[in-house]
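Order of listing sets the numbers, starting from 1, for every ligand and every atom in it.
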Amino acid sequence: MPSYPPAPDRRSLLKLLAAAPAASALGGLAATAPAHAVPAQTARASGAVASGAVASGIVKSLPSEWFTVRGTNAEARFDSFADTGLLTPADRFFVRNHTSTPVLDASDWRLTLWGDGLHGRSPVHFTYGQLRDLPSVTRTALIECAGNGRSLYTSQQGEPVTGTSWTLGAVGAARWRGVRLSDVLRRAGIAHDAVALQPRGLDDPYVSGGVDYGRVRRPLPVAKAFDDVILAYEMNGEPLPYDHGHPVRLVVPSWVGIASIKWLGDIEVSARPLTSPWSTDWYRLFGPAHPSGGSDPITVQTIKSAYELPFGATLEADRVHRLTGRAWSAHAPVRSVEVSTDGGTHWRRARLLDTPRRDGWVRWTVPWRPHRTGPVTLLSRTTDAAGNTQPERAVHNTQGYLFGAVVRHPVTVA
Ligand SMILES: Nc1nc2c(c(=O)[nH]1)N[C@H]1C(S)=C(S)[C@@H](COP(=O)(O)O)O[C@H]1N2
Ligand SMILES: [Mo]
């Protein structure tokens, strides 16, 4: 276990509360600030986390109509997306935290780039203001946890998996504004022989089963960094919220969520390949269908679709229901969505409500007038422009990553 500095004094606590973004968060923080709302660069949460009233360590409020809390994480309820547009509002976006949200102040934050992959070999710093002064880019991208849909390996395929039992709500779409990582790397003097980066968060070190794995960090190939990665400081036109990485996070489009490091503090730039437990122990595919020792670290997300309906919903017979859902693929824009309302015997096309784009999702709809009462299984199946189609079964891996199979969605007609 790392040794933590003592809890913050009263003055830094007051400063912290003054920095709280909204009245609701303030209310939540007032009672529990020492538990998790400690600026990571000045003080760390202590044992108070365990006894804190906000067990999740998440700053924003998590109403049960929108979220299911799973340990330190909050899953969005997919059915609740029915009244959202193409972008997921920040207050409804899922949160995946290895520990807890650190409340950081942009004014004393800085990013450090360091390592033998820099020309000068001495660390280079960027303040928040310096990043904001660089040319900005704005783009829409989904963030989706590698384990989204994990529980379906068990509920649908009878296969055991480890990790957070997400259903389908560990995904959201947002409009991100920030600076290109490539611009920052060039300004920092990245050398031609640099091959790997390792961005790292400022949240507490991740400790599990008595092992301290250090701060959340994961190697990022230089090629991807120069392709489309951004250092985001805005989400849907507002400063990045605390829970989503304030003041700056990475957004790594189309890759598994772990690549998009929140609360970014430093980036190692290396002339040799890098590893971390997030590239060796986790985020590889292990199991009989995979190489012994695991696959390469996983990168691109998979293909999915989901109904905006609770599992087990009851629908009235002999009435037309306008079923809605979303479909997305990290490989290519969605081309079509087919649905079955009879357990997979007959399929028909759903109507797409949006222009398909890569790194986004499309909403779809289909009318359904059920006659017979009783349990029914609804299915939906996405095909993308690269020819990928959701299969009937996902290839199992012990940690339950990349579930992309057709989901069997139970409802009851009454
Ligand atoms: N520093 C840090 N970055 C992180 C994480 C974390 O726990 N700490 N979780 C990762 C994982 S596993 C996912 S899926 C995404 C979730 O982003 P969100 O919480 O903004 O939805 O953040 C990633 N970045
Ligand atoms: Mo994740």
Side-chain angles (χ1 to χ4, degrees), residues 36 40-41 45 56-60 62 66-67 69-76 87-104 109 111 141-150 161-166 168-176 178 198-208 213-220 229 231-236 238 240-267 276-279 281-284 297-299 301-302 330 399-403:
H36 64 273
Q41 281 155 318
S56 68
I58 292 170
V59 171
K60 68 184 175 187
L62 304 169
W66 291 350
F67 292 102
V69 176
R70 302 191 187 282
T72 55
N73 316 292
E75 176 172 356
L87 300 182
T88 311
D91 57 356
R92 302 176 61 158
F93 210 94
F94 85 101
V95 180
R96 166 44 175 145
N97 281 352
H98 281 74
T99 59
S100 57
T101 295
V103 174
L104 304 182
W109 174 90
L111 172 67
L142 294 170
I143 301 255
E144 181 177 11
C145 187
N148 193 28
R150 172 181 285 134
V161 287
T162 56
T164 304
S165 290
W166 304 113
L168 290 162
V171 59
R175 194 127 178 89
W176 309 96
Q198 183 138 262
R200 180 164 55 170
L202 289 164
D203 39 342
D204 281 337
Y206 177 58
V207 179
S208 175
Y213 294 97
R215 293 191 184 188
V216 177
R217 64 201 186 283
R218 191 189 193 239
L220 178 70
V229 176
L231 300 171
Y233 45 69
E234 276 182 16
M235 179 180 189
N236 297 336
E238 303 282 346
L240 212 53
Y242 290 135
D243 295 309
H244 299 291
H246 185 85
V248 175
R249 80 175 300 165
L250 281 192
V251 172
V252 181
S254 77
W255 280 30
V256 288
I258 185 62
S260 295
I261 295 292
K262 303 192 280 188
W263 313 295
L264 188 62
D266 68 286
I267 303 177
S276 85
W278 286 265
S279 73
D281 299 20
W282 311 301
Y283 302 101
R284 283 178 189 253
I298 56 176
T299 57
Q301 253 291 356
T302 181
Q399 293 170 336
Y401 298 127
L402 302 180
F403 187 90

Taking all atoms of both residues into account, what is the closest heavy-atom pair of Arg218 and Pro297, and its distance?
NH2-CB, 3.8 Å
If you look at every heavy atom in Ala146 and Ile298, which pair is closest and at what distance?
CB-CD1, 3.9 Å
Report yes if some heavy atom in the side chain of [X] is under 4.5 Å from a heavy atom in the side chain of [Y]; otherwise report no.
{"X": "Trp166", "Y": "Phe94", "answer": "yes"}
{"X": "His246", "Y": "Trp109", "answer": "no"}
{"X": "Asp266", "Y": "Arg217", "answer": "no"}
{"X": "Arg200", "Y": "Ile261", "answer": "no"}
{"X": "Val161", "Y": "Tyr401", "answer": "no"}

List every atom of ligand 1 that sits less than 4.0 Å from any heavy atom of [X], numbering the atoms from 1 in the order shown and giving each element.
{"X": "Asn97", "answer": "7 (O)"}
{"X": "His244", "answer": "18 (P), 19 (O), 20 (O), 21 (O)"}
{"X": "Phe93", "answer": "21 (O)"}
{"X": "Gly201", "answer": "1 (N)"}
{"X": "Asp203", "answer": "1 (N), 2 (C), 6 (C), 7 (O), 8 (N)"}

heavy-atom search around atom 23 (C) of ligand 1 in the protein gives Gly257 O, 3.3 Å
Tell me: protein heavy atom nearest atom 21 (O) of ligand 1, and distance?
Phe94 O, 2.7 Å
Could you name the option among Lys262, Glu75, Met235, Arg217 that has the heavy atom nearest to atom 19 (O) of ligand 1?
Lys262
Out of Arg96, Arg249, Arg215, who gets a non-hydrogen atom closest to atom 20 (O) of ligand 1?
Arg249
Could you tell me whether Ser260 and ligand 1 have an N or O pair separated by under 3.5 Å?
yes
Using the ring-ring contact (aromatic ring centres under 6.0 Å, His included) definition, which of the options Trp263, Tyr213, Trp278 pairs with His98?
Trp278
With the threshold set at under 4.0 angstrom, would you say Tyr283 reaches ligand 1 through any of its heavy atoms?
yes
